[in-house]
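Computation of the quantities below employed the complete heavy-atom set of this structure, encompassing side-chain atoms and omitting hydrogens, waters and symmetry-equivalent molecules. All values reported here derive from a predicted model rather than from experimental measurement.
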Amino acid sequence: MTEFQQAIYRVVRRIPPGRVINYGRLALLAGYPGHARAVGNALHMLDEIYPDVPWWRVINRAGQISTRCPQHTMTEQRTRLEAEGVSFNAKGQADWARFGWLENEDVTP
DNA sequence: ACGTTGACGTCAG
DNA sequence: TCTGACGCCAACG
């Protein structure tokens, strides 16, 4: 477990249900600006050891799900998000204005 | 040590 | 709008 991964997971744990964030902003909040791609790698390494890390709340800048991981499929991610109230339009993208996580809010909508 | 890879983001056409 | 090129950086072999 590298320090980088800890920093990323630490921020992901703070994302409230029903909210999403993109990789680049997550990297920024974790103190590693510009590490968007590395964030993807870090989340990919997640396994059942860290069940408290809501990885599915992380999507790309377009508001779309970008995982190709066979363990955590995009249908699973979408199902988890929709269960929390996050909806997707016809293009499969979530609305940042409605579901984007404002890092200073700690209350569930 | 070094090249490649990838759950990314931005910008020029 | 949509697409492709490019930059980015930690993991991995």
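A62(A) pairs by the side-chain contact (heavy atoms from CB on, under 4.5 Å) definition with N60(A), Q64(A), not counting sequence neighbours. Here E84(A) pairs with W56(A), R57(A) under the side-chain hydrogen bond (donor to acceptor under 3.5 Å, both in side chains) rule; sequence neighbours left out. In terms of the salt bridge (Lys or Arg N to Asp or Glu O under 4.0 Å) criterion, R98(A) has no residue partners (sequence neighbours excluded). R13(A) pairs by the salt bridge (Lys or Arg N to Asp or Glu O under 4.0 Å) definition with D52(A), not counting sequence neighbours. Here E82(A) pairs with R78(A) under the side-chain hydrogen bond (donor to acceptor under 3.5 Å, both in side chains) rule; sequence neighbours left out. With sequence neighbours left out, the side-chain contact (heavy atoms from CB on, under 4.5 Å) criterion links T79(A) to no other residue.
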When the side chains of residues 89-96 of chain A are checked against the rest of the protein, which donor-acceptor pairs come out under 3.5 Å, sequence neighbours left out?
from   : atom 1 : to     : atom 2 : distance (Å)
N89(A) : OD1    : K91(A) : N      : 2.8
N89(A) : OD1    : G92(A) : N      : 3.0
N89(A) : OD1    : Q93(A) : N      : 3.0
D95(A) : OD1    : A97(A) : N      : 2.9
W96(A) : NE1    : R61(A) : O      : 2.9

Quiz: residues 31-43 of chain A side-chain donor-acceptor pairs under 3.5 angstrom, not counting sequence neighbours:
from   : atom 1 : to     : atom 2 : distance (Å)
H35(A) : ND1    : Y32(A) : O      : 3.1
H35(A) : ND1    : P33(A) : O      : 3.1

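No single ILVMFWY cluster, assembled from side-chain heavy atoms under 4.5 Å apart, contains both L28(A) and W55(A). Both L46(A) and L81(A) belong to a common hydrophobic cluster when Ile, Leu, Val, Met, Phe, Trp and Tyr are linked at side-chain heavy-atom distances under 4.5 angstrom.
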Under the rule of Watson-Crick or G-U wobble with both distances under 3.5 Å, where | means paired to another strand and [ ] a crossing pair, DNA chain B maps to .|||||.||||||
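In this structure the side chain of V58(A) never reaches within 4.5 angstrom of the side chain of N22(A), judged on heavy atoms.
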Contact string for nucleotides 7-13 of chain B, one letter per nucleotide 5' to 3', B = base within protein heavy-atom range under 4.0 Å, S = sugar-phosphate only, - = neither, reads BBSS---
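Within residues 81-93 of chain A, no residue approaches DNA chain B, by heavy-atom distance under 4.0 Å.
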- request: Start with the C-alpha distance between I65(A) and T75(A), add both sets of side-chain angles, then the distance that settles side-chain contact (heavy atoms from CB on, under 4.5 Å), and finish with yes or no.
  value: CA-CA 9 Å; I65(A) 295 170; T75(A) 50; over 6 Å; no
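Contact footprint of chain A on DNA chain C: nucleotides with an atom under 4.0 Å from a non-hydrogen protein atom, first to last in 5' to 3' order, dG7(C) to dA11(C).
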